[in-house]
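Following: one structure in structure tokens, then a few remarks.
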Amino acid sequence: MTTTPRILTDAEYDAAYARLTDAAYRHGSRLGTNAAHDVLTETLAAVGLFAPAPEPDLDTCTAQYLPTDIDLFGPDLLGQWQQCTDEPGHADHHDSIDLVWGDDSPGALPARA
């Protein structure tokens, strides 16, 4: 049975990010922004929580997809938002370099109008 993924709000994600970077600092480590976001995204995904979708690039189709099943997508894509690389306005399915999905797939955000 496929369930809708639990995507954190921006405020929830920001609070988790702040706690992560504060804890790292207390232990003598400063994580760069990209490293901190990667650590947080992968840690959250491991327990079924996912980061909010980023703002889409407006030069291609704005549909986005969130891979949430490690058995299907492996650890490299788990929790990493994908954006369709097709031209804006195309129909039926979306694809990125790694995935193909439909607007009705769990974790899919249809293209913006």
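Only a predicted model underlies this, so the values are computations on that prediction, with no experimental measurement involved.
With sequence neighbours excluded, the residues that form a ring pair (Phe, Tyr, Trp, His ring centres under 6.0 Å) with Y17 are H37. Applying the side-chain contact (heavy atoms from CB on, under 4.5 Å) test to T43 and every residue at least two apart in sequence or in another chain returns V39. Shown here are the side-chain contact (heavy atoms from CB on, under 4.5 Å) partners of A108, two or more places apart in sequence or in another chain: Y65, W101, S105. In terms of the side chain to side chain donor-acceptor pair (under 3.5 Å) criterion, T21 has no residue partners (sequence neighbours excluded). Not counting sequence neighbours, the partners of H90 by the side-chain contact (heavy atoms from CB on, under 4.5 Å) test are C61, C84, D86, H94. Every residue was checked against the side chain to side chain donor-acceptor pair (under 3.5 Å) condition with T41, not counting sequence neighbours, and none meets it. Legend: residues meeting side chain to side chain donor-acceptor pair (under 3.5 Å) with Q83, ordered by chain and number and at least two apart, are T60. Among residues two or more places apart in sequence or in another chain, the side-chain contact (heavy atoms from CB on, under 4.5 Å) test is passed with A16 by L40.
Sorted by first and then second residue, the pairs that involve residues 37-65 and meet salt bridge (Lys or Arg N to Asp or Glu O under 4.0 Å), not counting sequence neighbours, are E55-R112. For residues 94-108, there are no salt bridge (Lys or Arg N to Asp or Glu O under 4.0 Å) pairs, not counting sequence neighbours. The list of salt bridge (Lys or Arg N to Asp or Glu O under 4.0 Å) pairs with a residue in residues 4-26, not counting sequence neighbours, reads R6-E12.
Distance check: F50 CZ to I7 CD1 gives 8.0 Å after rounding to the nearest 0.5 Å. The CG atom of L77 lies 11.5 Å from the CG atom of D69; values are rounded to the nearest 0.5 Å.
Side-chain contact between P106 and T68: absent, with no pair of heavy atoms (C-beta onward) separated by less than 4.5 Å.
A single hydrophobic cluster is seen to contain both L20 and L49, as judged by linkage of ILVMFWY side chains at heavy-atom distances under 4.5 Å, directly or through other members. By the criterion of side-chain heavy atoms lying less than 4.5 angstrom apart, applied directly or through intervening Ile, Leu, Val, Met, Phe, Trp or Tyr residues, L109 is not grouped with L58; the two fall into different hydrophobic clusters. Hydrophobic clustering (side-chain heavy atoms under 4.5 Å, transitive across Ile, Leu, Val, Met, Phe, Trp, Tyr) groups L31 together with L44.
Here V100 is tied to no hydrophobic group at all, with no ILVMFWY side chain closer than 4.5 Å.
Across every non-hydrogen atom of A53 and Q64, the tightest pair is CB-OE1, 3.7 Å.
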